[in-house]
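Structure first, commentary second.
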6 protein chains.
Amino acid sequence: MSKIAYIDPIGPEGATPLLIEELKKITGNGDAIEYFHLDRGPLHLEYRYYESVIIPDLLHLIKKLDDNNYDACVIGCFYDPGLYAAREIVKRAVVTAPAESSFSLATLLGHKFSVLVGREKHIPRMMENIQYYGYKERLASFKSLNLGVLDFHADEAKTIGMLKQKAKEAVEVDGAEVIILGCTMQVGFYEELQKYLDVPVIDPVIAAVKYAGYLREMRDRFNWKTSRVKTFEAPPEREIAEWNLSEKYRCL
Amino acid sequence: MSKIAYIDPIGPEGATPLLIEELKKITGNGDAIEYFHLDRGPLHLEYRYYESVIIPDLLHLIKKLDDNNYDACVIGCFYDPGLYAAREIVKRAVVTAPAESSFSLATLLGHKFSVLVGREKHIPRMMENIQYYGYKERLASFKSLNLGVLDFHADEAKTIGMLKQKAKEAVEVDGAEVIILGCTMQVGFYEELQKYLDVPVIDPVIAAVKYAGYLREMRDRFNWKTSRVKTFEAPPEREIAEWNLSEKYRCL
Amino acid sequence: MSKIAYIDPIGPEGATPLLIEELKKITGNGDAIEYFHLDRGPLHLEYRYYESVIIPDLLHLIKKLDDNNYDACVIGCFYDPGLYAAREIVKRAVVTAPAESSFSLATLLGHKFSVLVGREKHIPRMMENIQYYGYKERLASFKSLNLGVLDFHADEAKTIGMLKQKAKEAVEVDGAEVIILGCTMQVGFYEELQKYLDVPVIDPVIAAVKYAGYLREMRDRFNWKTSRVKTFEAPPEREIAEWNLSEKYRCL
Amino acid sequence: MSKIAYIDPIGPEGATPLLIEELKKITGNGDAIEYFHLDRGPLHLEYRYYESVIIPDLLHLIKKLDDNNYDACVIGCFYDPGLYAAREIVKRAVVTAPAESSFSLATLLGHKFSVLVGREKHIPRMMENIQYYGYKERLASFKSLNLGVLDFHADEAKTIGMLKQKAKEAVEVDGAEVIILGCTMQVGFYEELQKYLDVPVIDPVIAAVKYAGYLREMRDRFNWKTSRVKTFEAPPEREIAEWNLSEKYRCL
Amino acid sequence: MSKIAYIDPIGPEGATPLLIEELKKITGNGDAIEYFHLDRGPLHLEYRYYESVIIPDLLHLIKKLDDNNYDACVIGCFYDPGLYAAREIVKRAVVTAPAESSFSLATLLGHKFSVLVGREKHIPRMMENIQYYGYKERLASFKSLNLGVLDFHADEAKTIGMLKQKAKEAVEVDGAEVIILGCTMQVGFYEELQKYLDVPVIDPVIAAVKYAGYLREMRDRFNWKTSRVKTFEAPPEREIAEWNLSEKYRCL
Amino acid sequence: MSKIAYIDPIGPEGATPLLIEELKKITGNGDAIEYFHLDRGPLHLEYRYYESVIIPDLLHLIKKLDDNNYDACVIGCFYDPGLYAAREIVKRAVVTAPAESSFSLATLLGHKFSVLVGREKHIPRMMENIQYYGYKERLASFKSLNLGVLDFHADEAKTIGMLKQKAKEAVEVDGAEVIILGCTMQVGFYEELQKYLDVPVIDPVIAAVKYAGYLREMRDRFNWKTSRVKTFEAPPEREIAEWNLSEKYRCL
């Protein structure tokens, strides 16, 4: 049984019941998923500044959950904030994030994928991840809805309508074979869209949670865990203690 | 419970008890794995010619297993022969293969991976897959052991010694963070090598089998299955019947 | 004098008089071209499955023609099925194929080319070749006519009309300087299209046949023939004989 | 006259007199450079975790300096931490960083450059920037000295010796035409190395400070300042105020 | 104080008062800019042939200016004709050119840039430079005005109108964050366009002149000058003298 | 019958009897090859400056030969100087050059090729062509002999010895399947090297001459000639006449 922490990397005011409901539906195989948010923070992470300020708290929470034997931590934002830093500092926990998980899954379901994003602003930030993860050859396109992250559920029928139109363009014009919903706040839309399009539509929250369970199994059965050389070499505990980093950066 | 078929895409004389033993160890979560080989074929697929001749039988076997409600078929060769064609023709079964699965898993465990192959001859063929799948940015290097596929188990101590030396070079000189064993016949070596190197060493058979179970779960729970537009659009059944292809190409 | 075999890699029912007429016109310099088809097979190769099943027969025919002193074999399908495998097994014959030949020629006539294909389905398969051959930087675009391979000659005036429109877009919008007809069944259209556009329009059958003669000359005069290291290293004759592959895979 | 802030993004214990001396030498054209460090922090940023924790303080300091009419802020670490986020939030100040500035300058002095880094660990993090900035075609190689950031000045003669050897290899074997010192703590070494090699050796601190002055001039004379669409679109001040971010994340 | 030569690489008939006026405005920091044209030549360089014929005279003029202690030479055409050859032969002078300078500056102001060119014909030539300099990842698009180089100032209001429309498309559709005017003859338009768009609009003449001054400072203060190994290794003076090249190729 | 002009783009003093002999051997199929050199020029083109000065005379000679009904002009230097400009201005003649022809042929004989060059200096210039032509994926490596262009025939036994050693490394270490001699002055060496290595070794002079004949045939039989849109759009004859370019740039 996996103990999985889903972390919404935003402040308490941003916590969404919708997402908590969704997570309940994903559990299975005896996996337990708990929902966490940060003790402080903005309500969305559309800007690099917002993303930057929450990362230290996110990392410290992941560190604590790792110390408390959580099997996996899921970072709940499609920018994958702090993913690589988190993998540096955990001892045992698997860390996953929506974009990496969705891209990885998409490549196994079709040759090219498109990502439906809220606003144009999100595209360069996500493109940075696409390039770094190496999925550029598999990307068909980004399509923007012109909707802020907090607006997806303001008028769900309208959002679904826009998703359908943009996804159809992605398939018919851009050559997409799989659609990825490019924001965790697009929760609840994948099934209807999938039925409409008849191509796989990936919900990034589900993708990240399921990969967490999968990687946990890989770790426990085959000892395949995050590599500790180069990219994810851990910072020395001695330095962290000597410099008193956890205390210095604890949340006010 | 998944019913998974592992297909060794070679003739009956090539079937290896070693691999059959290995597969038994991988089962879990109630998954059942059955071992298949082809009714005719070469003993290894190092050449494109060998790979080409076995693909029709492989596809027809996969078609039959799909018709018989196998949940997943695993193509047991690191060239991933026929993978994309198989995805075209199955109705329901998941199809996975060692290279795609290993590359995909490796990118979740480290930023760069190296692949240990038997002979120089294998590298351009595998590089073709690396490029097509889009993993070129994540590849650190190929390292060749100068051993034919049938020789890996002739002197296992010697093979392990060579694997250790080449993998160490991959990590220390080429920047690899994860090692992939680039042949299903390197079965049985990953654990010792992993212990020696202290970086993840992926056994491609296990990777492909576990991804099969994982993708089966994705299909059954979220309806995320192989996309049917463009790359994997299925050939019309009417044509296949009219042209009598299954009969025309049945095994002698 | 070259003895060139043009192989239509489809069953007897698919043999087209049109193509046979065309081939007659291409001969010259004393080259003799013979038309072959396979003894069984689908009527077109739009799907990877169809392509996969015909490859063994195609390879065995090429092997036989090579043994019978044909100077060159031309594989008559724009997917270039079996091209690299064929080069592995021939002893002396040159092997060419329409896509490789057309791309190569196009780069000598203009800096960017576009390919006119039948259906969207064909694009990812051809893109795979473009990437593997390394011509991605020279590709301006693919344009699809929305016509199956067997429909090009159903209404030739309509086909020509569509070719003109798509080719014009390729030149005016996508930056193409050369047009490639992306299917051997677009036979008979290049001249009218070329006159209309005033840019080179490559017929892939002619390109492949002419390259066959050209490479034959290179082989005979300068001893420049298919390299036998790595990619095209030949499978050992001893293995092929011992495993009885030609007999096992002979056509029913 | 420009008022330039050089920010050493580490804690007070890490402030180096050496660097302060160096900065004094760079001033000119009436530019004034002030040295800043953070109020808390690790002593070096070799790990992503260290880099992540300092970014919020760094951004808030840059915000404050921008409010106080500093013309430019220079981020003093070769990982360029927070560079793009800082450009999002400043109103008027130019923001530069060592890696971006050094790569940019290097491409104007030679066609290929190599970067001399402390440890292997640094390479994947810097490669991420090389890729994102788009300089991969201009990179000849990374060369590692096997020295931690804090060790460069432990035995300067030894460090210089190692720099000479690695830089020579970069030029003679890897094809480098320009050398970049890949850490701000390699301060003081460029001149001797440059004399020895007779190719340009870029000190990243100088490059970043000089680009700051240069971009300041571009801004003031031609109104060429950081673009405010997409990548550097600023977060809404209303949100920042409403969510009370500056207060919530102020330094303890 | 820098002594900068701006060279319009065209014949005397092509010299434009407009450009001479513009240059006067750019001087500053005590820099002196002088305007030069060639003694013979076409009136524009839209074709490779025109570009090719002027390069020897351009190089010999640069050589003479270098001998006469000019600090920098600016090559006044957005194709950057002869830039790399000029860097080979100068002893001391900095050499800059509009495209290289504009691309370099643009990447410091935004993540993606678009280039507004006169005619479609210019795009492949400029794309050659984009690729060679390595800026392909940063290019959003080329947009053509369908105007010859000599027509930009025929009806300035119309030109401005077209620039506005194309630049708007570049930002809104292609993802550009910075606009580059892709011809030195688009002189005089950047300010109005910049005001209209509210994104940086780079005038390539200014960019090249300012980079000349900047690189001159780098050379004089830090000894950072054009690398003399590989790409810019100078031809031996002995050979040039022995073969009497300057005399043989002097202008009639 | 083709009338082919081979142009050695150097001054009269550089003309080599060796090459003239070689050309005689290549003729065939009734093709006539004539050897030309320029009326003035350096003795080799290793530097961009040398290459730049000869291009106008080269273009004017090609123009004259085109006017005099030569079927094809071959530019005799592996830098392919002026190739694209020449294609702009010819009316009817085919223009080929050694590098483009050799790369094109090599990709039809093996998947990866290496180029043996004289000096390190040549590599960045040739790499520029490799990138521009789009052959980067097919390049295994450049290998330098450390020999100037004029030294290849000083001690032929020594040169052959070095060629053998470097080519062997290219095949065994770098993965080359085909070897290209990267200088027209390596004339006379390909056969011995080819026999030694048993992989194709391309002589670039032969490749360029044979492609000239081949493209001439394509032109005459199928009307496939250099595209006249975009890259090779011809400069208006009216402008050339009006500006009196041929007279202004005629050789002294």
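Computation of the quantities below employed the complete heavy-atom set of this structure, encompassing side-chain atoms and omitting hydrogens, waters and symmetry-equivalent molecules. Residue numbering restarts at 1 for every chain, and letters A, B, ... go by the order of the sequence lines. Not measured: the values here are computed from a predicted model.
- Counting heavy atoms of neighbouring residues, nucleotides and ligands inside a 6.0 Å radius, atom CD of Glu192(A) does not exceed 12 of them.
- Between chain A and the residues Lys112(B), Arg219(B), Met218(B), the most heavy-atom pairs under 4.5 angstrom are made by Met218(B).
- For the set Leu215(A), Ile206(A), Val94(A), Val199(A), the count of heavy-atom pairs under 4.5 angstrom toward chain B peaks at Ile206(A).
- Between Asp198(A) and Val229(B) the shortest side-chain heavy-atom distance does not fall below 4.5 Å.
- The two residues Pro200(A) and Lys225(B) make their nearest non-hydrogen contact at CG-O, 3.0 Å.
- Here the closest heavy-atom approach between residue Leu109(A) and residue Phe232(B) is recorded as O-CD1, 4.1 Å.
- When all heavy atoms of Gly110(A) and Ser227(B) are compared, the closest pair comes out as CA-CB, 4.4 Å.
- Per-residue counts of heavy-atom pairs under 4.5 Å with chain A were compared for Lys230(B), Glu100(B), Glu233(B), Lys136(B); the largest is that of Lys230(B).
- Chain B forms the most heavy-atom pairs under 4.5 Å with one residue out of Gln131(A), Arg138(A), Lys195(A), and that residue is Arg138(A).
- Between chain A and the residues Val201(B), Val95(B), Val178(B), the largest count of heavy-atom pairs under 4.5 Å involves Val201(B).
- No side-chain heavy atom of Phe222(B) sits less than 4.5 Å from a side-chain heavy atom of Leu105(A).
- His111(A) and Tyr84(B) have perpendicular rings, their planes meeting at more than 60° on a 0 to 90° scale where under 30° would count as parallel.
- Side-chain contact between Tyr133(A) and Thr107(B): absent, with no pair of heavy atoms (C-beta onward) separated by less than 4.5 Å.
- Glu156(B) CD: more than 12 foreign heavy atoms inside a 6.0 Å radius.
- For the atom pair OH (Tyr135(B)) and OH (Tyr135(A)), the distance works out to 4.0 Å, reported to the nearest 0.5 Å.
- Both the backbone and the side chain of Ile202(A) come within contact range of chain B, judged by heavy atoms closer than 4.5 Å.
- Within a 6.0 Å sphere centred on NZ of Lys164(A), heavy atoms belonging to other residues, nucleotides or ligands number more than 12.
- Between Arg221(B) and Lys25(A), the shortest heavy-atom distance links the atoms NH2-O, 3.0 Å.
- Note: Gln194(A) leads Glu191(A), Glu137(A), Arg228(A), Gln194(A) in heavy-atom pairs under 4.5 Å with chain B.
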Going through the checks in order, is the side chain to side chain contact (heavy atoms under 4.5 Å, CB included) test met by Leu108(B) and Tyr211(A)? CA-CA 10 Å; Leu108(B) 300 168; Tyr211(A) 257 113; 3.5 Å; yes
